[in-house]
There are 2 protein chains.
Amino acid sequence: MPEAQSPTRKRIVDAATRLFYAEGIGRVSVDAVAEEAGLTKRTLYYHFKSKDDLIAAYLDGRDQPNLKRMAGWFDAAEGGADRKVEAIFTNLARAAHHPKWKGCGFLRTAAELASMPGHPAIKVGSRHKSNFETWLAGELSARNIEEPQALAREIVLLIDGSFSIMLIHRNPDYIEAAGRAAATLVRARISSNQV
Amino acid sequence: MPEAQSPTRKRIVDAATRLFYAEGIGRVSVDAVAEEAGLTKRTLYYHFKSKDDLIAAYLDGRDQPNLKRMAGWFDAAEGGADRKVEAIFTNLARAAHHPKWKGCGFLRTAAELASMPGHPAIKVGSRHKSNFETWLAGELSARNIEEPQALAREIVLLIDGSFSIMLIHRNPDYIEAAGRAAATLVRARISSNQV
DNA sequence: CGATGTATACCGACTAGTGAATATACACAA
DNA sequence: TTGTGTATATTCACTAGTCGGTATACATCG
């Protein structure tokens with residue numbers, strides 16, 4: 001039985017992360033992951049019972065870093081909740097200029113696995129997106145924004161819409177437009193007794 | 001040289017449409033498409049020079065039907081522009097309940113081809129999404145809505161956000177929430193001298 | 001010894017794409 | 001009418017390579 005936190009396992013997940021994000025889970029073979037990790041396929045299958053498991057582990061490893069990055073942008077931004085929300089989009093648009101940017105790994109994986117709704121990787125993605133939505137609703141609630149849950153959900157829709165459309169048009173203007181729409185929706189819910 | 005509108009070609013595209021939408025372009029082999037169409041792979045390759053070409057033809061064939069369906073929902077809805085826009089989401093949510101529903105074929109294909117931004121199928125998808133955005137801006141403009149282009153873009157972001165999140169959570173509530181947000185954004189732009 | 005980890009070598013199934021032959025239909029000439 | 005040429009359309013059989021996954025063996029270390 002492999003150890004849950006073995007360094008070899010981490011090497012495999014790191015290699016899978018690089019390849020899966022760059023090429024998509026369907027276009028990357030297990031052989032390629034093993035080679036990228038610098039070991040043989042048999043060793044990979046000692047640590048993971050299937051490719052599907054490895055895909056889920058890849059997404060699981062992206063959960064916390066992704067959340068922290070978003071929260072970092074939110075926290076660092078000056079101004080009220082509207083400006084902080086818009087900062088997420090502004091930073092996203094900047095990140096999208098990077099040549100290695102390929103959208104949201106969670107959404108792309110869900111799209112590739114659309115015919116397998118119960119796939120373990122999709123459950124991981126669902127949990128991640130819920131985590132983000134819950135975190136955002138908490139931040140909005142702490143700032144006395146009205147209907148924080150509903151608003152958080154609308155912002156999530158605009159963020160994921162940006163991710164998707166970017167893969168079609170490759171035009172970051174869409175992300176900026178989504179940011180302005182999100183800021184508008186936030187301002188519409190700033191309550192009267194607000195800091 | 002094959003004929004552009006040969007009935008055989010149409011049979012192939014129809015078969016490809018069924019399989020590609022149901023399983024995703026990467027999970028469907030050319031052999032499978034040929035068998036679904038009731039002919040041999042060699043015949044398929046007589047009509048299409050590559051699988052990539054066939055994928056582009058699949059999406060090209062979905063352009064007009066998709067636009068007509070959206071426009072039909074918009075036209076059929078009672079009320080002002082806000083209600084008509086919201087009707088698109090309501091109908092989308094209803095369609096998403098169907099067991100064969102697998103999201104937006106254009107977005108899913110773009111996600112699968114994220115590592116090949118210049119792929120012909122992505123160009124077809126980009127054109128389709130632009131067509132829809134332009135059509136919607138026209139409808140909004142005809143109803144004296146302010147900033148119709150900006151608003152159309154925001155609505156598109158909410159629609160495509162709905163498509164993406166649905167593949168993660170499989171919960172049509174997100175589409176309804178997006179519809180309410182879209183209606184809010186429309187109402188914020190209803191000008192004073194309006195019918 | 002026994003647990004953990006790694007390597008070589010292999011499996012059957014499937015992949016996109018192709019070579020060569022052939023069926024069909026129609027044009028034109030004897 | 002009959003024969004020949006030609007373009008379109010289709011099939012069978014095949015290639016060279018990749019796929020996820022595994023059987024077996026061997027190392028290292030407590």
Item to check | Sugar-phosphate only, base, or nothing, as touched by V33(A) at under 4.0 Å among non-hydrogen atoms | outcome: nothing

| task | Using only side-chain N and O atoms of S29(B), determine if any of them is under 4.0 Å from OP1 or OP2 of dC14(C). | result | no

Picking from dG20(D), dT11(D), dG17(C), the nucleotide nearest the side-chain atoms of V30(A) would be dG20(D)

When rounded to whole Å, the CZ to C1' distance for the pair F48(B) and dA16(C) reads 16 Å

R9(B) CZ to dT8(D) C1', in whole Å, measures 16 Å

Atom CG of D31(B) and atom P of dC12(D) are separated, to the nearest Å, by 13 Å

Problem - Over 12 non-hydrogen atoms of neighbours within 6.0 angstrom of CD in E35(B) - result: no

Rounded to whole Å, OH of Y45(A) lies from C1' of dT4(C) at a distance of 20 Å

Please state whether the base of dG17(C) and the side chain of K51(B) form at least one donor-acceptor pair under 3.5 Å? no

### dA7(C) OP1/OP2 closer than 4.0 Å to side-chain N/O of T43(A)
yes

Discussion item. Are more than 12 heavy atoms, taken from residues, nucleotides or ligands other than E176(B), located less than 6.0 Å from that residue's CD atom?
Written reply: yes

- Task: Check whether any side-chain nitrogen or oxygen of H47(B) sits under 4.0 Å from OP1 or OP2 of dT8(D), and answer yes or no.
- Result: no

| Is there a side-chain polar atom (N or O) of T8(B) under 4.0 Å from OP1 or OP2 of dT10(D)? | yes

OP1 or OP2 of dA9(D) under 4.0 Å from side-chain N/O of Y46(B) | yes

> Less than 4.0 Å between a side-chain N and a carboxylate O, is that true for D14(B) and K10(B)?
Replying inline: yes

Per nearest nucleotide of DNA chain D, the residue lying toward the 5' end, K49(A) or R11(B), is R11(B)

(Q) Walk me through whether R9(B) and F48(B) qualify under side chain to side chain contact (heavy atoms under 4.5 Å, CB included). (A) CA-CA 8 Å; R9(B) 186 191 152 98; F48(B) 299 91; 3.4 Å; yes

Whole-Å distance, L19(A) CG to dC19(D) P, equals 12 Å

Atom CD1 of I55(B) and atom P of dT15(C) are separated, to the nearest Å, by 14 Å

query: Is the CZ atom of R83(B) crowded by more than 12 outside heavy atoms at less than 6.0 Å?
result: no

Between CG of L54(A) and C1' of dC19(D) the distance, given in whole Å, is 15 Å

Requested in this report: Classify the side chain of R42(B) and the base of dG19(C) as holding, or not holding, a donor-acceptor pair under 3.5 Å.
Outcome: yes

Check every strand shown and say whether S50(A) touches a base, only sugar-phosphate, or nothing at a heavy-atom separation below 4.0 Å. sugar-phosphate

Atom CG of L44(A) and atom P of dC19(D) are separated, to the nearest Å, by 14 Å

